[in-house]
Peer 1: 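This is the structure, below, for whatever I ask next.
Each residue takes its place number in the sequence, starting with 1. Since the structure is predicted, the reported quantities are computational estimates derived from the model, not experimental observations.
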Amino acid sequence: MTQDPFDDTALARLFARERRDGAAAWFSLPGGATLYAPNEEADQLYFLYTGRLGAFRREEGQEPQFLGVIRPGEPAGEMALIGGTPHSANLVALRDSEVLALPRADFLAAAESDPTVMLELSRLMIRRARQAQTHAAIGDPSVFGFIAVEPGQAIRPIVERLAHCMETLGYSVTVEGGESLLAPTEWFTNVERAHDFILYVAEAEETAWKHVVGRQVDRLFRVGRGERTPPPVIPSYASGPLQAQRLVDLILLQSAGLKQPAGSDAWMEATQAARLFHLRENGMADIERLARVLTGQSVGLVLSGGGARAYAHIGAIEAMRERGIPIDFVGGASMGAVIAAGLAMGWDDGEMEVRIRKAFVDSSPLDDIAFPMVAMTRGDKVKARLQEHFGDVQISDLWLPFFCVSSNLTSGAYHLHRRGALHDALRASISLPGVLPPVCQDGAVLVDGAVMKNFPADVMRAFQLGPIVGVDVTRGRSITDEDVVPPPSLWKWFWSGEWRKGPPIVALLMRAATVSTGRDLTASREASDVLITPKLDKIDIRDWRAFAPAVHAGKIAAALALDGLDRPVTDLRRRPSLVERARAAVSLAARSGTSG
């Protein structure tokens with residue numbers, strides 16, 4: 001028997017009563033339609049009866065940030081209505097939904113007759129406000145769909161393995177396939193109430209079931225074979241609203257032992273996927289990563305720019321690996337982007353050190369001095385070294401989801417690199433103005449990402465709901481008057497080898513390019529669940545030989561930050577299971593009874 005949302009809470013009973021009395025309006029909201037938008041007047045309180053609503057926020061120049069879902073039996077728009085402020089987010093129907101709307105005056109009048117309504121709503125507002133402060137979603141997605149793009153290997157066994165990994169994380173999970181095609185509408189509601197997560201899976205030939213899956217999930221994954229080219233046409237299967245809100249991802253199955261994926265960009269273009277995950281056959285590590293992504297326990301690592309000081313990122317990574325902390329998403333700016341790209345390539349600690357030493361330590365990457373028409377160096381050495389170590393790899397062919405940022409001087413905003421050739425993206429991200437020539441792309445002039453977004457932890461939040469570890473190497477002393485004093489003797493300066501760092505103007509330009517605004521830096525640091533800030537005062541931003549001390553500083557700082565946590569990193573945003581919620585409710589009731 002279906003449990004009616006109006007049987008659950010005082011707020012639900014109020015809406016049921018107001019609907020009978022004619023004050024609350026009942027209406028249908030088609031999938032993809034907007035219930036309200038930012039800056040709209042909050043003059044009604046909404047209550048979701050059936051369907052799913054998704055909350056989104058979009059800052060200028062950024063990808064839409066998915067805040068979470070609102071499920072049947074939950075209100076929407078309560079904070080703005082009670083606070084008397086405009087709405088701050090987009091609320092969109094992720095599937096066909098039925099909604100009740102109660103005008104503000106009617107709600108306040110009705111709530112006076114039942115104080116428990118306002119008490120219940122206040123508790124909900126406090127909980128959601130706390131979740132907003134900790135960057136947690138207001139309602140984490142719990143229903144996921146997996147649709148095979150083309151005939152071939154069955155994908156249900158893979159989804160079953162994924163469900164098992166999610167169960168080991170402490171959740172109840174069910175996998176449902178085409179056998180549920182003829183199930184009544186209330187069956188879907190009951191399944192969602194009985195499990196923490198539901199995974200719907202549709203094989204290539206199950207066309208009718210694909211349409212059902214496309215209408216029933218919070219997020220959809222298309223599944224294809226990495227070694228094949230994508231089909232010319234990939235139907236949406238009723239997932240248009242999800243696609244419009246960037247809630248459709250791509251999984252590419254890769255052969256066991258494959259060194260590097262290839263051809264993934266064509267799949268991204270064909271599916272217009274928001275994110276891409278590579279799953280190697282018989283590779284449990286990839287399945288476990290996806291399980292963390294679905295349960296909100298995936299770890300995103302963000303590395304700031306900072307010239308030679310970015311070597312500290314290598315030490316921080318070593319500390320994370322020694323403690324068994326997974327790294328599931330990576331991103332960065334400037335030199336931090338280069339280190340992050342090595343992680344996404346799959347380099348272990350040894351390969352990372354060898355390659356970074358060869359590219360930046362053994363000889364300066366900035367000693368191809370040029371007549372400064374556009375920059376002080378030609379940039380040929382940097383370009384050659386990026387090509388040597390990253391080749392022609394496309395960003396979509398990296399094992400880990402990766403992004404880096406550059407600064408678009410044409411538009412005046414940061415530029416997000418998530419597609420295209422990796423070495424081109426990195427070349428743009430490290431193009432310090434005045435030191436390296438800018439990169440010109442599609443009519444835009446791109447320079448170092450550090451100019452506008454040196455520590456892009458807030459950018460990472462748009463891609464994943466799990467905890468974010470940020471390593472910021474910009475704190476502390478960076479440049480003093482001693483650093484910009486011309487050398488007393490040009491001959492001594494040359495013969496000592498100090499010229500390889502570049503003249504003092506290089507330090508000035510590098511520091512000027514990596515000074516973030518207070519507001520931008522605060523937002524990025526607040527987005528980090530774990531903030532690692534190595535002490536690098538004694539390391540010059542252009543001292544490319546300071547590898548060992550910088551790595552050591554990064555490792556020490558990471559160890560202090562990680563060992564000081566009261567729980568594992570993956571648990572920092574862990575959502576409670578249904579069983580844990582029930583226990584908490586019983587405990588709260590018992591305490592309330594005792595205090596009463």
Peer 1: Using 30° and 60° as the class boundaries, would you call the ring planes of Phe221 and Phe277 parallel, tilted or perpendicular?
Peer 2: tilted

Peer 1: May I ask you to decide whether Arg461 forms a salt bridge with Glu526, counting only side-chain N to carboxylate O separations under 4.0 Å?
Peer 2: no

Peer 1: A cation-pi test, strictly: NZ or CZ of Arg427 under 6.0 Å from the centre of the six-membered ring of Phe390 and no more than 45 degrees from its axis. Yes or no?
Peer 2: no

Peer 1: Spell out, as yes or no, whether a donor-acceptor pair under 3.5 Å connects the side chain of Arg385 to the backbone of Ala359.
Peer 2: yes

Peer 1: Measure from the ring center of Phe463 to the ring center of Phe329 and say whether it is less than 6.0 Å.
Peer 2: no

Peer 1: Working to the nearest 0.5 Å, report the span between CD1 of Ile539 and CD1 of Ile541.
Peer 2: 11.5 Å

Peer 1: Could you check whether any side-chain N or O of Trp399 sits under 3.5 Å from a backbone N or O of Lys259, counting only pairs where one atom can act as donor and the other as acceptor?
Peer 2: yes

Peer 1: Apply the test salt bridge (charged side-chain N to carboxylate O under 4.0 Å, His left out) to residues Glu580 and Arg574: give CA-CA distance (whole Å), side-chain angles for both, the deciding distance (0.1 Å), then the verdict.
Peer 2: CA-CA 12 Å; Glu580 290 167 338; Arg574 188 184 188 279; 2.9 Å; yes

Peer 1: Answer yes if the side chains of Asp196 and Ser577 hold a donor-acceptor pair under 3.5 Å, and no otherwise.
Peer 2: no

Peer 1: How long is the gap from CD1 on Ile532 to OG on Ser304, to the nearest 0.5 Å?
Peer 2: 11.0 Å

Peer 1: Between Glu388 and Arg355, what is the shortest heavy-atom contact and its length?
Peer 2: O-NH1, 4.4 Å

Peer 1: Indicate yes or no: at least one non-hydrogen side-chain atom of Gln441 is less than 4.5 angstrom from one of His415.
Peer 2: yes

Peer 1: Which heavy atom in Ala444 sits nearest to a heavy atom in Asn408, and how many Å separate them?
Peer 2: CB-ND2, 3.5 Å

Peer 1: Please name the residue in the list Val569, Val471, Ile325 that meets the side-chain contact (heavy atoms from CB on, under 4.5 Å) test with Met320.
Peer 2: Ile325

Peer 1: First locate atom CG of Leu400, then atom CZ of Arg289, and finally report the distance between them rounded to the nearest 0.5 Å.
Peer 2: 5.0 Å

Peer 1: Identify the residue among Ser264, Pro261, Pro401 that makes a side-chain contact (heavy atoms from CB on, under 4.5 Å) with Ser396.
Peer 2: Ser264

Peer 1: Under a 3.5 Å threshold, yes or no: a donor from one side chain and an acceptor from the other, between Ser334 and Asp448?
Peer 2: yes

Peer 1: Should we count NE2 of His552 as having more than 12 external heavy atoms under 6.0 Å?
Peer 2: no

Peer 1: Would you say the side-chain atoms of Asp286 and Gln254 include a donor-acceptor pair closer than 3.5 Å?
Peer 2: no

Peer 1: Could you tell me if the side chain of Asp571 sits less than 4.5 Å from the side chain of Gln297, heavy atoms only?
Peer 2: yes

Peer 1: So, do Leu220 and Asp249 sit near enough that their side-chain heavy atoms are less than 4.5 Å apart?
Peer 2: no

Peer 1: Report yes if the side chains of Asp265 and Arg419 come closer than 4.5 Å at any heavy-atom pair, otherwise no.
Peer 2: yes

Peer 1: Please lay out, stage by stage, how Phe56 and Leu67 fare under the test side-chain contact (heavy atoms from CB on, under 4.5 Å).
Peer 2: CA-CA 5 Å; Phe56 302 86; Leu67 302 177; 5.8 Å; no

Peer 1: Please tell me if the side chains of Val338 and Ile356 come closer than 4.5 Å, counting only heavy atoms from C-beta onward.
Peer 2: yes

Peer 1: Using every non-hydrogen atom in the two residues, find where Leu565 and Leu572 come nearest and quote the distance to one decimal.
Peer 2: CD1-CD1, 4.5 Å

Peer 1: Of the options Asp328, Leu279, Ile158, which is the one that meets Leu290 in a side-chain contact (heavy atoms from CB on, under 4.5 Å)?
Peer 2: Leu279

Peer 1: Distance check, rounded to the nearest 0.5 Å: Asn454 atom CG versus Leu303 atom CG?
Peer 2: 11.0 Å

Peer 1: Answer whether the closest heavy-atom distance between the side chains of His313 and Val551 falls below 4.5 Å.
Peer 2: no

Peer 1: Do the side chain of Thr295 and the main chain of Ala291 share a donor and acceptor less than 3.5 angstrom apart?
Peer 2: yes

Peer 1: Working to the nearest 0.5 Å, report the span between CD of Gln464 and CZ of Arg275.
Peer 2: 8.0 Å

Peer 1: With rounding to the nearest 0.5 Å, note down the distance linking CG in Leu426 to OG in Ser406.
Peer 2: 10.5 Å

Peer 1: Please assess Leu294 against Phe144 for the test side-chain contact (heavy atoms from CB on, under 4.5 Å), listing each intermediate value before the final yes or no.
Peer 2: CA-CA 8 Å; Leu294 268 56; Phe144 299 94; 3.8 Å; yes

Peer 1: Is any side-chain heavy atom of Leu422 less than 4.5 Å from a side-chain heavy atom of Met345?
Peer 2: yes

Peer 1: Are Arg222 and Trp267 in a cation-pi setup, meaning NZ or CZ lies under 6.0 angstrom from the ring centre and within 45 degrees of the ring axis?
Peer 2: no

Peer 1: Which pair of non-hydrogen atoms, one from Ser528 and one from Phe455, has the smallest distance, and what is that distance?
Peer 2: OG-CZ, 3.7 Å

Peer 1: Assess whether side-chain contact (heavy atoms from CB on, under 4.5 Å) is satisfied between His389 and Trp347, documenting all intermediate values.
Peer 2: CA-CA 11 Å; His389 294 284; Trp347 297 349; 4.2 Å; yes

Peer 1: I need the minimum non-hydrogen distance between Asp140 and Arg575, along with the two atoms involved.
Peer 2: CB-NH1, 3.3 Å

Peer 1: Identify whether the distance between the nearest side-chain nitrogen and carboxylate oxygen of Asp458 and Lys453 falls below 4.0 Å.
Peer 2: yes

Peer 1: For residues His423 and Gly391, report the shortest heavy-atom separation together with the two atoms involved.
Peer 2: CD2-O, 2.9 Å

Peer 1: Would a 4.5 Å heavy-atom cut-off, applied to side chains only, mark Tyr311 and Ile339 as touching?
Peer 2: no

Peer 1: Do any N or O atoms from the side chain of Ser407 and from the backbone of Met452 form a donor-acceptor pair under 3.5 angstrom?
Peer 2: yes

Peer 1: Could you go step by step and tell me if Leu276 and Thr271 meet the side-chain contact (heavy atoms from CB on, under 4.5 Å) rule?
Peer 2: CA-CA 10 Å; Leu276 167 61; Thr271 59; over 6 Å; no

